[in-house]
Amino acid sequence: MNLRLNGRVALVTGSGRGIGAAIARRLAAEGAAVAVVDLDRDDAVRTAADLPGSRGYGADVADLDQLRSVVDRVHEEFGRFDILVNNAGITRDRTLRKMEAAEWDEVIRINLTGVWNGCKAAQPHLLEAGPTGRIISLSSTSYLGNFGQVNYAASKAGVVGLTRTLALEMARAGVTVNAIAPGFIDTAMTRAMPAEVFNRVVASVPLGRPGQPEDVAAAAAFLASDDAAYVTGQVVFVCGGYSVGAGHP
Ligand code: NAP
């Protein structure tokens, strides 16, 4: 493996399992020291235990104070802070007719405000890092519109607007800010669907399979590396052609 991230320090939210854990493993494999952050601290510590030079921390991304204290601790313990991956996210799917206000609020609070909290907490350290500074946030192809996901789609569209705007605000420091829009990835989030629905969605993916967390992690590693130094304000689709088949970007 090409050690593109040797000496860099990365923090990945929601990385106790799923896509976040795959991103943490891939960044570590490329030489980064990774702060694995999860709501469930035990999951974070377990994931970090397999990654050389990495550590696990507990934090709720919806709570700015918690995130700020973990980000500052990571900067202090590792001596620098280069890469923030805003990965933590949830779904509470229902049509608007059946959706409760609490389900709207919870998804916006974690998926969108959680990304803002991460950016707010890490910005001073990333500005200090300068050209090695990276923000990578998880959006979703759902931001283009997906039945039963008004809350989730709105939160992920918000992540795109935040990303494009913050890319402009941080460009002068050399910090890049990008988003990844995964399509249908095989994790607990999608396995929560009835098997019949899961299989129907997979059948509509042009590449004929669900994505694996490692497919998303490969894109994150590219965006985190110097290879992507001239890429900012972009949304990278990792969806097996799913969005293209539906006539989207
Ligand atoms: P997942 O398997 O459900 O894992 C989500 C992780 O985030 C879990 O470790 C969870 O911790 C953590 N988390 C949840 N709420 C949190 C909070 N408030 N603070 C900190 N951590 C929290 O999900 P995934 O499929 O890996 O998805 C990862 C990201 O990719 C999400 O942003 C998701 O929206 C996005 N995405 C996924 C897909 C897909 O098809 N899977 C497609 C497009 C986009 P606990 O284990 O403690 O709950």
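Counting starts at 1 for both ligands and their atoms, following the listed order.
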Would you call Asp60 and Arg109 a salt bridge, using N to O less than 4.0 angstrom?
no
For a 4.5 angstrom cut-off between non-hydrogen side-chain atoms, does Asp226 reach Arg8?
yes
Below 4.0 angstrom, N of the basic side chain to O of the carboxylate: do Asp186 and Arg191 qualify?
yes
To the nearest 0.5 Å, what is the distance between CG on Leu67 and NZ on Lys120?
13.0 Å
Below 4.0 Å from any atom of ligand 1, is there a heavy atom belonging to Gly114?
no
Salt bridge between Arg92 and Glu100, side-chain N to carboxylate O under 4.0 Å?
no
Measure across Leu84 and Cys119 and return the closest heavy-atom pair with its distance rounded to 0.1 Å.
CD2-N, 3.8 Å
Counting only heavy atoms, which portion of Asp43 has something under 4.0 Å from ligand 1: side chain, backbone, both, or neither?
side chain
Tell me: protein heavy atom nearest atom 1 (P) of ligand 1, and distance?
Arg17 NH1, 3.3 Å
Protein residue, atom and distance nearest to atom 13 (N) of ligand 1, heavy-atom basis
Ala88 CB, 4.1 Å
Which of the numbered atoms in ligand 1 are below 4.0 angstrom from a heavy atom of Asp60?
17 (C), 18 (N), 19 (N)
Using modelled atom types and a 3.5 Å cut-off, is there a donor and acceptor pairing between side-chain atoms of Thr47 and backbone atoms of Gly16?
yes
Heavy-atom distances under 4.0 Å decide this one: backbone, side chain, both or neither, for Ile185 against ligand 1?
both
Enter the distance from Thr232:OG1 to Leu166:CG here, rounded to the nearest 0.5 Å.
8.5 Å
Ligand 1 to Ser139 polar contact by distance, N or O atoms, under 3.5 Å:
no
What protein heavy atom is closest to atom 37 (C) of ligand 1, reported as residue, atom name and distance in Å?
Ile19 CD1, 3.6 Å
Parallel, tilted or perpendicular, as decided by the 30° and 60° cut-offs, for the rings of Tyr143 and Phe237:
tilted
Closest protein heavy atom to atom 7 (O) of ligand 1, given as residue, atom name and distance to 0.1 Å:
Gly14 CA, 3.5 Å
Nearest protein heavy atom to atom 19 (N) of ligand 1, by residue and atom, and its distance?
Val61 N, 3.0 Å
Closer than 4.0 Å to some heavy atom of Asp40 - which atoms of ligand 1 meet that?
47 (O)
Nearest option to atom 31 (C) of ligand 1, as decided by whichever heavy atom of Ile90, Thr91, Asn87, Leu138 sits closest
Asn87
Can you tell me the protein heavy atom closest to atom 20 (C) of ligand 1 and the distance?
Ala59 O, 3.3 Å
Measuring from atom 42 (C) of ligand 1, which candidate in Gly89, Gly183, Ser140 has the nearest non-hydrogen atom?
Gly183
Interfacing atoms of ligand 1 (cut-off 4.0 Å, heavy-atom, Met189):
2 (O), 3 (O), 23 (O), 25 (O), 33 (C), 34 (O), 37 (C)
Would you mind reporting whether Arg200 and Val197 have side-chain heavy atoms less than 4.5 Å apart?
yes
Measure from the side-chain N and O atoms of Asn178 to the backbone N and O of Ile136, and report whether any donor-acceptor pair falls under 3.5 Å.
no
For atom 34 (O) of ligand 1, what's the nearest protein heavy atom and its distance?
Tyr152 OH, 2.5 Å
Could you measure the distance from the OG1 atom of Thr91 to the CD atom of Gln149? Nearest 0.5 Å is fine.
7.0 Å
Among Leu39, Val36, Asp38, whose heavy atom sits nearest atom 10 (C) of ligand 1?
Asp38
Among non-hydrogen protein atoms, atom 41 (N) of ligand 1 lies closest to Thr187 OG1, 3.2 Å
Quick check on contacts: which atoms of ligand 1 are under 4.0 angstrom from a heavy atom of Phe184?
40 (O)
